[in-house]
Amino acid sequence: MSDTERYLALLNPEQREAVVHENSPLLILAGAGSGKTRVITTKIAYLIDEKHIQPYSILAVTFTKKAAKEMAERAVALEPLAADAQIRTFHSFGSWFLRKFADEAGVDKSFTVYDDDDMATLVSKAVPALSKQEAAKAAHKIALAKDYCLTPESKELAAVESSPDFPDVYAAYEKRLRETGNVDFGDLIMLPVITLNEYENIRAQMHYRFRVIMVDEYQDSNVAQFKLLQALAGVEEKSGTYVCVVGDDDQSIYRFRGAEVQNILTFQKHFPDTKLIRLERNYRSTASILAAADSIVRNNEDRLGKTLKAERGEGSKPVLVFLPTQDDESAFCADLIQKAHTKGCTYHDWAILYRTNAQSLGFETEFLHRKIPYTVVGSLKFYEREEIKDILAFLSLVANPKDEIAFRRIINKPARGLGDKTQDAVVEAARTAGGSLIDACREYAKSKSKKAQSGLNEFAALAEELAADLENVSSDSGIKLSAFIEKTADRSGLLEYHTSQDEVAGTQKAANIQELINSAVLYAESRQGLLDFLDAIELDRAPEEPGDETESDNVTLITLHNTKGLEFPRVIITGLENGIFPRQDKTGSDLEEERRLFYVGITRAKDELYITSCSIRRIYGRTEYMQPSQFLSEAGSGVFKVLGTPPAGYYGSSVSDGRNGDMMAENENPLAAKWCKGTRLYHDDWGYGQIISTESREGEYVITVQFESGSRKQFMPAYQSHSLMIVHD
DNA sequence: CCCGTCGTTATTTTT
DNA sequence: TAACGACGGG
C-alpha cells in the first residue's frame, strides 16, 4: 500500500471526492466537525504526491495563526514536502506581498502594522477636531471601509458611513498613515488588491507562482479578501490556477466585522463551473446534540442548507436549566463540574461559554472560591496590555523612526516633561522635513528652552544609542534579540516605570515584560531580526500567548466567538436570555447571526451539553428580570431535557404535561400545585428522583422524594427549592 | 505636568 | 457594578 492509498483510505467517500477533484473550482460546504482540516491537508499531500505540484506553488490561507499552524503541521505529517507549501493567514500573506512589492504599493519596506487602537490615535491626530470617541468611531468605520476594499474616493463609501465629512476624515488619515510608511490591518488585504489590479506584471508573476489556492473558513472572508482571491486566481485571465474554498455558511459569525456571507452563498456565480461538495457526516458530537443544533439553525432563512448526520451514538439529551439568578448559574456550573471531577472527569473536559466577556466574572469568583482551576480565553490579550505595547512601541520606533504613534506612546513615559504641545511640535517638524522623529527632537531642542530641551535630548540620545546598537551587530552573529529587548526595557526606563506600577496596583507588568523578552530568544539581534519579531507579533498574536495553560487541567471560560474551531467533551452555554443572547433587539440578519453563534456553541460539544437561563440578572448594577432566550422556544419541545422552572409567562419548550395545571385548580396551596405527587426532580447532591408522597406537617408542606440512586429524602419546598429543581421532559 | 475625583457608559472582534 | 475618560487643583 502506498502512502497515498493509506491516507486516502482514512476518508469517507465525500471527503475522498473533495481530495481528488480537479480541473474546476471547488466549493466544499463542510459542516461542523465534518473533518474539513483533514480534507485540506490530505489534498495538499495528494497534490504533491500524485499530481506532482511543486509544494512551493501551493497557497493555503486561513484566518487565524492557530489554524494555519495546525494545518501546516498536519499536512507535513502526511507529506514532509508540504513544509514548502505556503500555509499562512490572509494577513501574513498580505504582509509578505507588501514587503515584496513595497515600492509599487507605496509603503515602507520595513513597515509595522497599526492595530485598532493605533488607528484611533492616528485619526485623532490627523483630524484634531474629533473627540477621542468620535475618532475611535471613525477609525472603526475606516477599518470597515477597507474590509469592503473602499478608498476615500469610492462612491460606495456612503454605504459604510453616510456622514458627509467621512471621506475627508478617511483621506486625512490615509495621508498621515502613508507619511509614517506604516500600514493598518485593512491595508494588508486592500493594498495587495490595488497593486495586483494596477500592475499586470505582478499579477502575471503571482499566477505563475501560485498554481493552487485554498481558503479555509471561507464564510468569514470579507469583500477585500474575496477580491484578493479573485486577483490571485486570475479568473478573468484564465490563469489555470486551481481554487478550492472550504466553509460553512451556518458558522458565519463575523459579519459585524465585515465578513460577507454572500461570498460563500454566491461563490458559484463568480467562479464558473464550480463543483460543490457537501461534508455532512459529523464525527464530533452525539446525535442528540446535533439535533439540538439543527433545531436552532433551521430557523434561519438565509442559508444554503444542510443536515449533519451523526456518526457517533445517540448520546444523552442536552439539558436546559432554568435558574433563579446568575449566582445560581455559576453555582450550578461549579456543582456540575465538581461532581464530575469526583467521578474522575478532568476539569480540562469542560468549557463554559458566554456571549460577552463581562459574564466571565461571576464564574471566576465562584471557581476561585471553590478552588476549581480555570483559564479565561481571550478577554485581555497579552499583546494589548499597556506594558507590552509600550515596549513594542519603543522597538517599533527603532525599526521605523517615522512611526508617529509609537513615538507619542513612549516619549513621555516615564515622564520627561514632554507633553502634548511639545509632541505636536516635534511631529510637525518631522513631517515638514519628511524625516525621522528622532532627528526632529534634536532639531527642535535647539529652539527650545531648558526643561523641554534636556528631555528631548535625553530621549533622542536613548533612541539613537539603541538603534546604533542594533546596526553594529552583524546579522547571524548568533546573539539573541531578547538581549536587545531587555536592554531596551531597562534603558528606556519602561521596566522601572512598570515595576513601580506593580507595587502600587499589584499587577504583573514586570513579569509580562519578562515574558515578552523570553519570547524573542528565537530571533537574531539585528535589524532584520527585529523586523521579523515585530511582524510575527503583529500578525500572529493570539496563539502562543505566554502562560498558555492548555496543557494543565483547567476549566475553559470563553466567549462564544472565541470557540470557533475548538471542541470540548462537555460544554455549558450560559445566559440564554433575551437581551443577553440574543443581544438587545437584534432583528433580521443580525438575529440570524446570533442564531448561528448559538449553533457554533452547541456544535462545540462532543458528549454533554448544558444550557442555562436565569430569571434575574444584574446588568450594569441594576437588577433586571429576564425572559428566556427566544432561541429556546424556537427549538421546539423534546430537544432538551428541562430542569428547573422557567419564569411565569414563558411558554417555551417546557410546557407542562397538564398535571400541574389541573392540580392548581384543585388545590389552594401554590406549593402543592407545583410540588405534587409524581413530579420528577433533580437535586444538587442526590441527582434525579420523583415525589412519592406529600403532606402537611405543622403547617409546613413536606414532600418525600425517591431518588434513582436509591435513597429516599424529605424536603420542605418553601425553604429548599433552591437545591431542588423540577424536571420537565 | 501630575494626580486625584467625579461622571459617563457599557457587545461580539480571527488579523 | 466597574472602568475609563474628562476636568480641575496642586
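We name chains A, B, ... by the order of the sequence lines, and we start the count at 1 in each one. The figures that follow rest on heavy atoms only: side chains count, while hydrogens, waters and symmetry mates do not.
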Problem set entry | Pair Glu386(A) + Lys413(A): basic N to acidic O under 4.0 Å |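 Looking at Glu386(A) and Lys413(A), the cut-off is met.
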
Whole angstrom value for the distance that separates [atom2] of [N] from [atom1] of [X]:
X: Arg257(A); N: dT13(B); atom1: CZ; atom2: C1'; value: 5 Å
X: Ile580(A); N: dT12(B); atom1: CD1; atom2: P; value: 11 Å
X: Glu594(A); N: dT11(B); atom1: CD; atom2: C1'; value: 9 Å
X: Leu534(A); N: dT15(B); atom1: CG; atom2: P; value: 17 Å
X: Lys564(A); N: dT13(B); atom1: NZ; atom2: P; value: 12 Å
X: Leu361(A); N: dA2(C); atom1: CG; atom2: C1'; value: 9 Å
X: Asp216(A); N: dT14(B); atom1: CG; atom2: C1'; value: 11 Å
X: Leu560(A); N: dT12(B); atom1: CG; atom2: P; value: 11 Å

Exercise. Do the side-chain N or O atoms of Asn357(A) get closer than 4.0 angstrom to the phosphate oxygens (OP1, OP2) of dT11(B)?
Worked result: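 Checking Asn357(A) against dT11(B): no side-chain N or O falls below 4.0 Å of OP1 or OP2.
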
For this session: May I ask you to verify if any side-chain N or O of Asn562(A) is less than 4.0 angstrom from the OP1 or OP2 atom of dT13(B)?
Result: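 Answer is yes, contact under 4.0 Å.
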
Problem set entry | Candidate pair Asp249(A) and Ser252(A), rule side-chain hydrogen bond (donor to acceptor under 3.5 Å, both in side chains), full reasoning | CA-CA 5 Å; Asp249(A) 52 315; Ser252(A) 165; over 6 Å; no

Problem set entry | Base of dT1(C) paired with side chain of Arg618(A) (donor-acceptor, under 3.5 Å) |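 For Arg618(A), whose side chain was compared with the base of dT1(C), there is no donor-acceptor pair (under 3.5 Å).
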
For this session: Between Leu597(A) and Asn412(A), just flag the one whose closest nucleotide in DNA chain B comes earlier from the 5' side.
Result: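 Nearest nucleotide further toward 5': that of Asn412(A).
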
Exercise. Taking the six-membered ring for Trp, are Phe63(A) and Tyr254(A) ring centroids under 6.0 Å apart?
Worked result: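 Ring centroids of Phe63(A) and Tyr254(A) are no less than 6.0 Å from each other.
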
For this session: Could I get the full list of salt bridge (Lys or Arg N to Asp or Glu O under 4.0 Å) partners for Arg38(A), not counting sequence neighbours?
Result: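 So Arg38(A) forms no salt bridge (Lys or Arg N to Asp or Glu O under 4.0 Å) with any residue.
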
Exercise. Among dT1(C), dT14(B), dT15(B), which nucleotide sits nearest the side chain of Phe185(A)?
Worked result: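 Nearest to the side chain of Phe185(A) among the choices is dT15(B).
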
Exercise. When rounded to the nearest 0.5 angstrom, what is the spacing between CD1 in Ile573(A) and CG in Leu597(A)?
Worked result: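 Interatomic distance, Ile573(A) CD1 to Leu597(A) CG, rounded to 0.5 Å: 9.0 Å.
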
For this session: Evaluate salt bridge (charged side-chain N to carboxylate O under 4.0 Å, His left out) for Lys36(A) paired with Glu217(A), printing each intermediate quantity in order.
Result: CA-CA 10 Å; Lys36(A) 72 182 162 72; Glu217(A) 305 278 14; 3.6 Å; yes

Problem set entry | Nearest non-hydrogen partners of Ser110(A) and Ala399(A), listed with the distance |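 Smallest interatomic distance, heavy atoms only, reads OG-O, 4.1 Å.
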
For this session: Can you see which heavy atom on Cys333(A) is nearest to which on Ile352(A), and at what distance?
Result: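 It is CB-CD1, 3.8 Å.
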
Exercise. Between Phe631(A) and Phe598(A), what is the ring plane arrangement, given parallel below 30°, perpendicular above 60°, and tilted in between?
Worked result: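 Judged by the thresholds at 30° and 60°, the geometry between Phe631(A) and Phe598(A) is parallel.
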
Exercise. Once each nucleotide of nucleotides 5-10 of chain C is scored for protein heavy atoms under 4.0 Å, what B/S/- sequence comes out, 5' to 3'?
Worked result: -S----

Scan nucleotides 5-7 of chain B against the protein and return all N/O pairs shorter than 3.5 Å with their distances rounded to 0.1 Å.
none

